[in-house]
Amino acid sequence: MNLIEPSVLIICLCVGYVWKHMTLVENKTHDYIPLSLMFLGIILTCWMKFSVDVGVIAQGAITGLASVGLHQAFTRTIEGLSSTHSIPEKNNNDSDKPEGE
């Protein structure tokens with residue numbers, strides 16, 4: 001059994017992208033995108049497989065959440081903010097020293 005259903009992944013990716021970039025939706029609802037895509041993935045996978053069992057539900061959940069991860073990886077790659085991006089070091093200037101030294 002494949003863990004990721006490609007057609008469901010593409011659908012979830014498109015739905016998540018549209019939801020994220022819609023101007024009608026407030027930014028507060030962006031917190032619910034991963035959870036919503038997980039349920040959408042479950043529903044679409046069960047519908048495509050014509051079956052509802054633990055394996056199909058798990059496959060749908062993994063596919064929906066994989067679409068969120070794929071979007072994040074793509075976005076960070078495009079923006080140049082990959083996970084290996086280093087944190088800037090603290091500026092060590094003489095402002096930490098007491099006056100008069």
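Remark: Tyr32 engages Trp19, Ser36 in a side-chain contact (heavy atoms from CB on, under 4.5 Å) (not counting sequence neighbours). With sequence neighbours excluded, the residues forming a side-chain contact (heavy atoms from CB on, under 4.5 Å) with Leu40 are Cys12, Val15, Leu37, Leu44, listed by chain and number. Under the side-chain contact (heavy atoms from CB on, under 4.5 Å) criterion, Leu13 pairs with Ser67, Leu70, His71, not counting sequence neighbours. Here Phe74 pairs with Ile78 under the side-chain contact (heavy atoms from CB on, under 4.5 Å) rule; sequence neighbours left out.
The salt bridge (Lys or Arg N to Asp or Glu O under 4.0 Å) pairs that include a residue from residues 3-15 are Glu5-Lys49, where partners are two or more places apart or lie in different chains.
Annotation for Val52: hydrophobic cluster partners, listed by chain and number, are Leu35, Met38, Phe39, Ile42, Ile57, Leu65 (ILVMFWY side-chain heavy atoms under 4.5 Å, direct or chained).
Taken to the nearest 0.5 Å, the OG1 atom of Thr45 stands 9.0 Å off from the CD1 atom of Ile11. Expressed to the nearest 0.5 Å, how far CD1 of Ile62 lies from CG of Leu9 amounts to 12.0 Å.
Gln59 has its side chain out of reach of Ile4: every pair of non-hydrogen atoms, C-beta onward, lies at least 4.5 Å apart.
Between Ala73 and Thr77, the shortest heavy-atom distance links the atoms O-OG1, 2.7 Å.
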